[in-house]
Amino acid sequence: MGDISDRDPNRVYYNSGGFQRSRPILTGPEAKETFEEIPVIDFSEVTSSATDVRQRLADEVGHAARNVGFFYVKNAPVSHTKIDRAFELLESFFAQPEDAKRQIDCNKSNEAKGWQPQQTVGPNGVLRESYSMGNDYKEPEQHHISVAPEGSVPLNQWPSEDTIPGFRKAIYDYYLEVYPFAKTLIQIFSLALGLDQTELDQYFQQPLADITAQYYPAHQAPDSNPLELLSPHADFGVVTLLLQNDVPGLEVLNANGIWIPAPPMPYTFVVNTGNYVEAWTNGRWPATVHRVYGKLDQPRFSLPFFVSPSPDVVVKPLRELLEDGERPKYEERNVGQRQVKGQIGSRHNHPMTKLLRRVVPQEEDWRWEMLYQPHLLPRVASS
Ligand SMILES: O=C(O)CCC(=O)C(=O)O
Ligand SMILES: [Fe+2]
């Protein structure tokens with residue numbers, strides 16, 4: 001696609017599934033039928049035992065997933081107090097001096113969990129920071145899902161209780177509520193696709209899941225222009241459940257190349273499906289492109305929860321969803337390997353990137369387990 005300066009102003013450019021792509025901006029008679037707002041779906045009855053009630057909800061979700069790829073979920077079964085507390089503690093975490101945050105720099109975690117220092121994003125060199133935690137079966141809070149094999153190293157990193165008291169508890173209280181809700185949502189997806197409610201569960205025995213909270217500092221200059229704070233991309237997982245503080249910025253790309261705002265609504269999730277769902281459905285449920293854009297006069301915090309299948313799952317168009325004679329348009333992808341490639345490809349200076357590239361030179365040989373079980377890595381004589 002070349003340099004940014006080569007870009008055609010009549011197109012929008014973005015990253016989807018690790019590939020750079022672009023789409024024309026269509027206006028007037030050229031414009032296609034597409035969405036102009038993000039639908040809001042009420043999930044009050046998601047736990048109803050009545051099949052027809054759940055199917056109706058699933059049909060609404062399916063409609064949004066096919067036509068938009070994004071929808072709001074209101075009245076989700078996730079505690080408002082826990083949401084508030086998670087935001088409060090994240091805010092305290094990011095407010096610390098840089099030295100304190102460096103204690104849990106993501107370079108110290110083989111899976112880049114912890115604090116990601118301010119980084120350059122997009123063409124404008126804007127600053128953003130993040131805190132990430134996710135699967136780590138060495139942590140007792142996750143032992144109800146699985147227990148890490150002997151010889152595993154920790155992946156998550158936490159600020160000490162003395163610096164941010166209650167941080168780990170607040171983040172886990174939230175994680176352990178949003179996690180089962182995400183699994184329920186995946187059952188709703190199953191129904192929406194015309195499958196049995198539990199059909200997709202087999203792919204989520206030990207799903208890859210993480211919270212990667214973002215902090216976008218306010219811009220200092222009052223006369224500054226709106227900026228691209230997170231570059232246009234589609235999420236590569238199965239589903240993302242995002243909460244935002246009260247500062248807008250998220251925008252979703254429609255088929256005409258027009259950015260549609262997805263402003264914050266209190267305690268309401270912005271949910272979107274990712275590249276794995278696009279592949280499973282052979283393109284029927286697109287992974288919709290989005291970005292964070294604007295002029296921030298207040299700091300913005302977002303709290304996305306990302307879910308992918310278990311690392312040993314191979315994603316390809318599901319046979320049950322293909323019409324007779326329909327050809328699969330997506331190649332097979334091993335989830336764990338894709339996860340490692342994503343990490344290694346985006347963090348050139350991370351110690352794990354350097355180690356893996358040195359001892360396992362062929363990308364096809366990279367395995368998810370190598371990140372937390374160092375004994376699986378081949379020993380290479382040091383030169
Ligand atoms: O910060 C946001 O609102 C969006 C975050 C996002 O799209 C992502 O992390 O993939
Ligand atoms: Fe995203």
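Start at 1 and go down the list; that is how both ligands and their atoms are numbered. Given the structure is predicted, the values throughout are model-derived calculations rather than measurements.
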Trainee: Using a 6.0 Å cut-off, check whether atom CD of Glu326 has over 12 heavy atoms from anything other than its own residue.
Mentor: yes
Trainee: Would you call His233 a ligand 1 contact, heavy-atom distance under 4.0 Å?
Mentor: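 Flag set, His233 near ligand 1.
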Trainee: Between Thr212 and ligand 1, find which residue part has any heavy-atom pair under 4.0 Å and reply side chain, backbone, both or neither.
Mentor: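 Thr212 to ligand 1: no contact under 4.0 Å from either part.
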Trainee: Ligand 1 and Tyr216, any nitrogen or oxygen pair closer than 3.5 angstrom?
Mentor: yes
Trainee: Have a look at Asp235 and say which of its N, O or S atoms is nearest the Fe ion (ligand 2).
Mentor: OD1
Trainee: Counting the benzene-type ring for Trp, do Phe189 and Trp285 have ring centres under 6.0 Å apart?
Mentor: yes
Trainee: Under a 4.0 angstrom heavy-atom cut-off, which atoms of ligand 1 come close to Phe306?
Mentor: 8 (C), 9 (O), 10 (O)
Trainee: Tell me: protein heavy atom nearest atom 5 (C) of ligand 1, and distance?
Mentor: Leu230 CD2, 3.5 Å
Trainee: Which ligand 1 atoms, with their elements, are less than 4.0 angstrom from a heavy-atom of Val292?
Mentor: 1 (O), 2 (C), 3 (O), 4 (C)
Trainee: Determine whether the side chains of Asp162 and Ser160 contain a donor N or O and an acceptor N or O closer than 3.5 Å.
Mentor: no
Trainee: Which atoms of ligand 1 are found less than 4.0 Å from any heavy atom of Arg300?
Mentor: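 Ligand 1 atoms under the 4.0 Å threshold to Arg300: 1 (O), 2 (C), 3 (O).
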Trainee: Verify whether one side chain among Tyr330 and Glu278 offers a donor that lies under 3.5 Å from an acceptor in the other.
Mentor: yes
Trainee: For a quick check under 3.5 Å, do Asp84 and Tyr267 share a side-chain donor-acceptor pair by atom type?
Mentor: yes
Trainee: Between ligand 1 and Asp235, can you find any atom pair, the residue atom being a heavy atom, that is separated by under 4.0 Å?
Mentor: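 Contact present.
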Trainee: Between Val270 and ligand 1, find which residue part has any heavy-atom pair under 4.0 Å and reply side chain, backbone, both or neither.
Mentor: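 Answer for Val270: neither.
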Trainee: If the contact criterion is a heavy-atom separation under 4.0 Å, does Gln244 count as touching ligand 1?
Mentor: no
Trainee: Any atoms of ligand 1 less than 4.0 Å from a non-hydrogen atom of Ser302? List them with their elements.
Mentor: 1 (O), 2 (C), 3 (O)
Trainee: Looking just at side-chain N and O atoms, do Trp158 and Glu139 make a donor-acceptor pair shorter than 3.5 Å?
Mentor: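 On atom types as modelled, these side chains qualify, holding a pair under 3.5 Å.
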Trainee: So that I can tick it off, tell me whether Arg168 and Glu141 are bridged by a salt bridge, with the cut-off set at under 4.0 angstrom between side-chain N and carboxylate O.
Mentor: yes
Trainee: So that I know where these two stand, are Phe93 and Phe167 an aromatic pair - ring centroids less than 6.0 Å apart?
Mentor: yes
Trainee: Which single N/O/S atom of His233 lies at minimum distance from the Fe ion (ligand 2)?
Mentor: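 Sorting the N, O and S atoms of His233 by distance to the Fe ion (ligand 2) puts NE2 first.
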Trainee: Ring centres under 6.0 Å, that's the criterion: do His233 and Tyr14 meet it?
Mentor: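 Judged by ring-centre distance (under 6.0 Å), His233 and Tyr14 do not meet the cut-off.
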Trainee: By number and element, which atoms of ligand 1 are closer than 4.0 Å to a non-hydrogen atom of His290?
Mentor: 7 (O)
